[in-house]
Amino acid sequence: MLEIKVTKTENPKTKPAPGTPLGFGKIFTDHMFIMNFDTGEGWHNARIVPYAPIPLDPASMCFHYGQEVFEGLKAYKRPDGKVSLFRPDKNFARLNVSNDRLCIPKIDEAFAIEATKLLVDIDKDWIPTGENESLYIRPFIIAVDPFVGVHPAHHLLFMIILSPSGAYYPEGIKPVKIFVEKNYVRAVVGGTGFTKAAANYAISLKAQDEAEKEGYIQVLWLDGVHRKYIEEVGAMNVFFVIGDEVITPMLQGSILGGVTRMSCIEICKDLGLKVSERLLSIDEVVEAAEKGTLKEAFGTGTAAVISPIGELKYGDKVIDVNGGKIGEISQKLYDTLTGIQWGKIPDKFGWTQCIGDCNCK
Ligand code: COI
């Protein structure tokens with residue numbers, strides 16, 4: 001495995017005092033990981049250095065054509081003092097799926113996990129321990145060839161930065177209001193919807209901005225062809241509980257295969273719930289709401305964890321979900337998932353990986 005050269009900062013930053021509201025993704029730790037790719041040499045020069053701006057040529061390809069992919073995972077400080085990561089293997093496997101689609105050279109997944117663990121260990125005193133707080137880990141890769149022609153890059157940077165964060169939405173676990181998007185589309189099969197490419201998020205901003213102006217926190221995307229099948233929410237996958245069926249849109253190439261989505265499906269199965277990955281039209285949701293069989297709706301994501309949906313707006317229809325309250329299944333999933341992540345309940349699934357000397361995988 002490649003060696004990682006470590007240079008520690010001589011000027012550590014002041015950490016937020018316990019109890020300071022952290023928000024999400026606004027504060028960054030003392031160090032960052034960085035590694036270069038150059039055609040002919042492969043990935044090389046892995047290093048952990050003091051967190052700082054990086055000099056980039058204005059012609060760097062990532063600025064012009066968006067050849068960028070990223071991931072999001074979290075580190076948690078457990079009651080026993082150990083630090084754990086949640087399913088990092090899934091994140092780095094997905095990073096390579098994104099890399100493949102964006103013509104970015106693949107990374108060594110096992111090495112990326114080790115690099116993440118080393119970086120988190122160096123900055124472990126930054127891991128917050130307040131309610132809903134964790135250390136958000138953002139790996140990303142950018143194309144840096146100084147070239148304004150459209151072509152896969154020959155020179156790239158793989159970086160990892162860390163951000164002590166609280167809940168993604170200020171609402172925390174309180175239900176959010178979501179706007180069902182009728183005009184704009186996010187992705188179509190054959191595009192990049194299944195990847196974590198920056199471009200997917202750039203093109204979502206307009207719809208999100210318009211939804212926010214109407215008092216909705218994010219949009220629920222419908223499929224780009226029929227404009228009726230539910231896909232995902234801005235920064236989360238989405239689940240609906242209709243009758244006794246827990247439904248989430250199936251992965252067919254236009255939506256993200258979320259790690260939290262996958263984990264919720266596994267927890268639901270373990271709880272003996274009927275869970276389906278299938279096509280779900282917005283009309284089915286509206287009809288269920290009218291008949292009184294729409295029990296719950298919630299988003300899932302690393303950043304957002306479980307985010308109950310209390311209201312949907314679709315055209316001129318305002319759909320109330322569970323009286324705007326968190327539902328039983330959403331609460332159970334939240335408790336199970338965060339219990340495992342924060343090390344408060346046993347991890348019978350074997351999902352957590354502790355850093356350093358521990359009994360976990
Ligand atoms: C995550 O949940 O980690 C994500 O990457 C979503 C992000 C756009 C905040």
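In listed order, ligands and their atoms are each counted from 1.
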Can you tell me the protein heavy atom closest to atom 9 (C) of ligand 1 and the distance? Tyr168 CE1, 3.6 Å

Of the protein's non-hydrogen atoms, which lies at the shortest distance from atom 8 (C) of ligand 1, and what is that distance? Tyr201 CE2, 3.5 Å

Atom 3 (O) of ligand 1: which protein heavy atom is closest, and how many Å away? Tyr136 OH, 2.5 Å

Tell me whether the centres of the aromatic rings in Phe179 and Tyr216 are closer together than 6.0 Å. yes

Check this for me - ligand 1, Ala235, N or O atoms closer than 3.5 angstrom, yes or no? no

Pair listing, salt bridge (Lys or Arg N to Asp or Glu O under 4.0 Å) test, anchored in residues 241-256, at least two apart: Glu245-Arg278

Which of these passes side chain to side chain donor-acceptor pair (under 3.5 Å) with Tyr184: Glu210, Lys206, Gln208? Glu210

Taking everything shown except Lys13 itself, do over 12 heavy atoms lie less than 6.0 Å from its NZ? yes

For atom 2 (O) of ligand 1, find the nearest protein heavy atom and state the residue, atom name and distance (0.1 Å precision). Ala303 N, 2.8 Å

Numbered atoms of ligand 1 (with element) below 4.0 Å of Phe70, judged on heavy atoms: 5 (O)

In the protein, which heavy atom is nearest to atom 6 (C) of ligand 1, and how far is it? Lys196 NZ, 3.9 Å

Which pairs pass side-chain hydrogen bond (donor to acceptor under 3.5 Å, both in side chains) with one or both residues in residues 126-143, sequence neighbours excluded? Asp30-Trp126, Asn132-Tyr334, Tyr136-Arg138

Non-hydrogen atoms of Met236 versus ligand 1: any pair closer than 4.0 Å? no

Please list the nearest protein heavy atom to atom 7 (C) of ligand 1 with its residue and the distance rounded to 0.1 Å. Arg138 NH2, 4.0 Å

Between Phe298 and Phe240, ring centroids under 6.0 Å: no

Does Lys74 count as lying over the ring of Phe86, i.e. NZ or CZ under 6.0 Å from the six-ring centre, within 45 degrees of the axis? no

